[in-house]
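Along the sequence shown, residues carry numbers from 1.
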Amino acid sequence: MEGTTRKVWTQHKSTPGPSGDPPLIGSLSGTSSSVGIWRPRLTEVQIGSLGSPAFAPGRFVPEPVELLSVPLEPLKISTTGWVLPEGQAFLKDCPPSSWKPGPNTPTDERQSQLAALEANLQERGSGPSRGRTRVHPPRDVVKLEDRLRYLLEPPLESMLAGANLRFPHPPFPYQLDGIAFLYPRHEAVLADEMGLGKTMQAIIAVRMLVHRGQVRRALLVCPKPLMANWKREFALWANELPLTVIEGHRARRSFLWRQMEPGITITNYETLVRDYARLESTTGHFDLVILDEAQRIKNCAGATNQAVCSLSRDRSWALTGTPMENSVDDLFGIFEFVTPGHLRVEMKPRTLRRVVENHVLRRTKERVLKDMPPKLYRDTNVELTSEQDVTYQMAEKEGVLRLRELKKTVTIGHVFELVIRLKQICNFDPASGASNKLERMIPDLEECAASGRKAIIFSQWVETLHELQRRLHEFHPLAYHGRVPHRQREQVIEQFRDDPNCHVLLISYGAGGVGLNLQFANYVFLFDRWWNPAVEDQAINRAHRIGVVGPVTVTRFITPNTIEERIQQVLEEKRALFDTIFGGDFSSSKFDSSSFGLSRSEIFSLFELPDGNGEKEGLSLEVGDRKKSA
C-alpha cells in the first residue's frame, strides 16, 4: 500500500527559523510583563502503509504542542473625556474656560463648571436650575442595542440645547421628567393631574422626536372643543412644526386626509369615527398617535375605541388626568390602544398597579408643586327650603311607589329617571323656584365681586345654568355649555378673563370639565355633584392650575337627607379605588375590590328597592350635554 502524505498543524515557538518567519511579541498597556505569542507552522508528515510513521529524509519531526500561561495584571481604564455628538453644538456656545472635561479636575472646580453649564442652559431657555435629567426608558427593554442607546443618551437638557430648541419659559423639573418619560417610549400613558401641563410635555417630546428624525408623521386626536387650544400650544412650544387641522364638511376632510404631508395632524374623536373606514387607504402609517382626554375611549366595545385602535402606528401615547373615571374597566379601554392585550380582566387592583406602572406616569400638584397655592375645600350642607322639602318628599314617595308597582319589569333607566328628578329639586323647586343653595351662594359671590375676583359655577344641567344666569344678573354672568356654538366659546372665555365687570362663569361639567385654562378664577362652586369624583376633580382643576395667584376656594354643596348625600358615599368609594391603583394604600380597610362601579343592587339600594339577581350592568345616562357611564 503506497504511503500517503497529510498536512497537519502543530505549534512551534515563534523563533526565527529556516523560513525566516519573525517572532510576534505583543504587550498590553498597563501591564508589567510582555507575553510571547506563538505562530503555528505547517509540518508535513508521511504515514507508512502499516501505520508506523516512516519519515522521509529532510522532513521535520512534529514537536509537542507547547502551552504557556502567564498571569496578567488587571487592566486599568481611565477616561480622559468624551463629548457625544448631541453636545457638540451646545459646547460651541460655551466659553472655552467654562467646560474642560478631564480626569484630574478637583471636585470644587467640577462643581463650578457644572454650575456654568447649568447657567448657560437657563439662558437658552432649556431648563430650570436642577440636576441633569436622564431619559427614563421602559424597564422591559430587551435588545442590548436599545439598552446601550438609552444608557449613552446625554441629559435631556443637553439634547434640548444641542438641537437649539428654545421655549417661551423653562419647563419645571417635573415637566422635564415627564418629557424624559415620553421620549423613549412607544407605549405611554401620561396621567398627571389636571393643570400640570400634559399638553406642553407631549409637544416638547414630539418636537424632540421630530428633530432627531424618529417621527415624521404624527396624529393628535382630542375632543372638538380642545382643538383650538392645541393649535395655540403648538404655536407657543413648537411653532416650526407644520400643522394640519382636519375638520369641516366631508369633501374638505377627504381632501385633507389624502393630501396629508409629514408633520402634525390634529383631528377630533367625532371626525375620526366618521372617517376611519377610509383612513387606511388614504393616510397610511403614523409614526405616532396621541390621544388627549384618552378616557373618551374607555369603552372597549365603543365606536371611538375601535376607530382609534384601528390606526396603523409605531408609538401610542395617551394623555388623561382621569385614567379611571368609574371602574377598572376604563383602564382596560385605554390600554387596548396603548398596548393591546397587556391587561386581563381577571387582574385584581393590586396586580393592575404592578402591571401598569411601567407604562403610566402620574403626578399630583401636591407632590410636584410644593409652593403652589392650595385648594381650600368647603363642604357646605344646605337644607331644603320648605317648598323644596314638600316637593322632594312627594316626588320621592310617588317615584318609589311607581318603581315598586313595576316589580320585575323595573329597569335601571327607571331608577335613574327618579334620581335626576330628585337632584334637580335639590337645586330649584320646580313650582316656586325656591333654592337654598342659591341663597347660600349669593353672599359668597358678593364678596368675590367686591374683591375684584372671579368665580366659576358648575352644574350638570343646562336648565339649571339658565336659571342661575337669570337670577345672578347683577354679577354679569356668562354661560359656557353644550348649547353654546363652538365658534363662540373662545369669545366667552376671553370676555370672562378680560371684562372686570364679569365675575361669574356658568359651566356645565360636560362642556367645560376638561381642557380649559381658567387659572384667573379663585372661586369654584359645585352647585350640584357629578356621579364620580374624577370629573369633579377635572372641573376644579380648570382654576387650580399653573399660573394661579392665591389659593382656590372650592365650595361643594350637599343637601343632607336626600339622594345627594347617598351618592356622596359612592363618590368616596370610587376615590378609594383610584388611589389604590395609582398610589393609594393597599392595606386600607376601606378598600373592597367588589364594591366599585355602580352595580345593579347598589343603584336599587338608593331607594331600598329589592333586586333579585344583583347583576352588574353597564350604565349610561345623558345628563345635560354630557353622556356619562356610571
> Crowded around Tyr377 OH? As in, over 12 foreign heavy atoms under 6.0 Å?
Replying inline: yes

>> Under the criterion side chain to side chain contact (heavy atoms under 4.5 Å, CB included), I'd like the reasoning laid out for His481 against Ile507: C-alpha separation, chi angles, the key distance, then a yes or no.
In response: CA-CA 6 Å; His481 49 71; Ile507 307 182; over 6 Å; no

> Does the distance from a Lys or Arg side-chain N to an Asp or Glu carboxylate O, for Arg253 and Asp275, drop under 4.0 Å?
Replying inline: yes

>> Taking Arg529 first and then Glu536, would you say they form a salt bridge - that is, a charged N and a carboxylate O separated by under 4.0 Å?
In response: yes

> For Arg134, does its backbone N or O pair with a side-chain atom of His136 as donor and acceptor, under 3.5 Å?
Replying inline: yes

>> Is there a side-chain contact between Thr133 and Pro173 in this structure, where contact means two heavy atoms from C-beta onward sitting under 4.5 Å apart?
In response: no

>> Under the rule for side chain to side chain donor-acceptor pair (under 3.5 Å), what residues qualify as partners of Asn358, not counting sequence neighbours?
In response: none

> Heavy-atom distance under 4.5 Å between the side chains of Ile297 and Leu291, does that happen here?
Replying inline: yes

> Where is the tightest heavy-atom contact between Gln538 and Arg542, given as atom of each residue plus distance?
Replying inline: O-NE, 2.9 Å

>> Among residues at least two apart in sequence or on other chains, which ones pass side chain to side chain donor-acceptor pair (under 3.5 Å) with Asp528?
In response: Asn427, Ser459

> Considering only heavy atoms from C-beta outward, does the side chain of Glu247 approach that of Val245 to under 4.5 Å?
Replying inline: yes

>> Less than 4.5 Å apart, side chain to side chain, heavy atoms only: is that true for Trp257 and Ile246?
In response: yes

> Under the 3.5 angstrom rule, does the side chain of Gln460 hit a backbone N or O of Tyr509 as a donor-acceptor pair?
Replying inline: no

>> Quick test of your reading: applying side chain to side chain donor-acceptor pair (under 3.5 Å), list the pairs with at least one residue in residues 258-267, sequence neighbours left out, ordered by first then second residue.
In response: none

> Less than 4.0 Å between a side-chain N and a carboxylate O, is that true for Glu240 and Arg207?
Replying inline: yes

>> Less than 4.5 Å apart, side chain to side chain, heavy atoms only: is that true for Val289 and Arg315?
In response: no

> Can Asn541 and His544 be said to form a side chain to side chain contact (heavy atoms under 4.5 Å, CB included), step by step?
Replying inline: CA-CA 5 Å; Asn541 285 318; His544 192 249; 3.9 Å; yes

> How far apart are the closest heavy atoms of Ser310 and Tyr276, and which atoms are they?
Replying inline: OG-CD1, 3.4 Å

>> Show the nearest heavy-atom pair for residues Gln175 and Gly197, with the distance to one decimal.
In response: NE2-CA, 4.1 Å

> Tyr269 and Ala294: which non-hydrogen atoms are nearest, and at how many Å?
Replying inline: OH-CA, 3.9 Å

> Should Arg232 and Glu490 count as an ion pair when the cut-off is N to O under 4.0 Å?
Replying inline: yes

>> Using side-chain heavy atoms (C-beta onward) and a distance below 4.5 Å, is Asp177 in contact with Arg363?
In response: yes

> Can Glu193 and Lys375 be counted as an ion pair, charged N to O under 4.0 angstrom?
Replying inline: yes

>> I want to check something: taking the side chain as every heavy atom from C-beta on, are Leu288 and Arg217 in contact at a cut-off of under 4.5 Å?
In response: no

> Quick one: which of Leu160, Leu165, Leu182, Leu156 gives a side-chain contact (heavy atoms from CB on, under 4.5 Å) with Ile204?
Replying inline: Leu160

> Does the pair Ser316 and Glu187 meet the rule for a side chain to side chain donor-acceptor pair (under 3.5 Å), with working shown?
Replying inline: CA-CA 5 Å; Ser316 305; Glu187 303 93 14; over 6 Å; no

> Heavy atoms, side chains only, cut-off 4.5 Å: are Leu465 and Tyr480 in contact?
Replying inline: no

> What's the shortest heavy-atom distance between Tyr183 and Gln214, and which atoms?
Replying inline: OH-NE2, 3.5 Å

> Salt-bridged, Glu153 to Arg212, with N to O below 4.0 Å?
Replying inline: yes

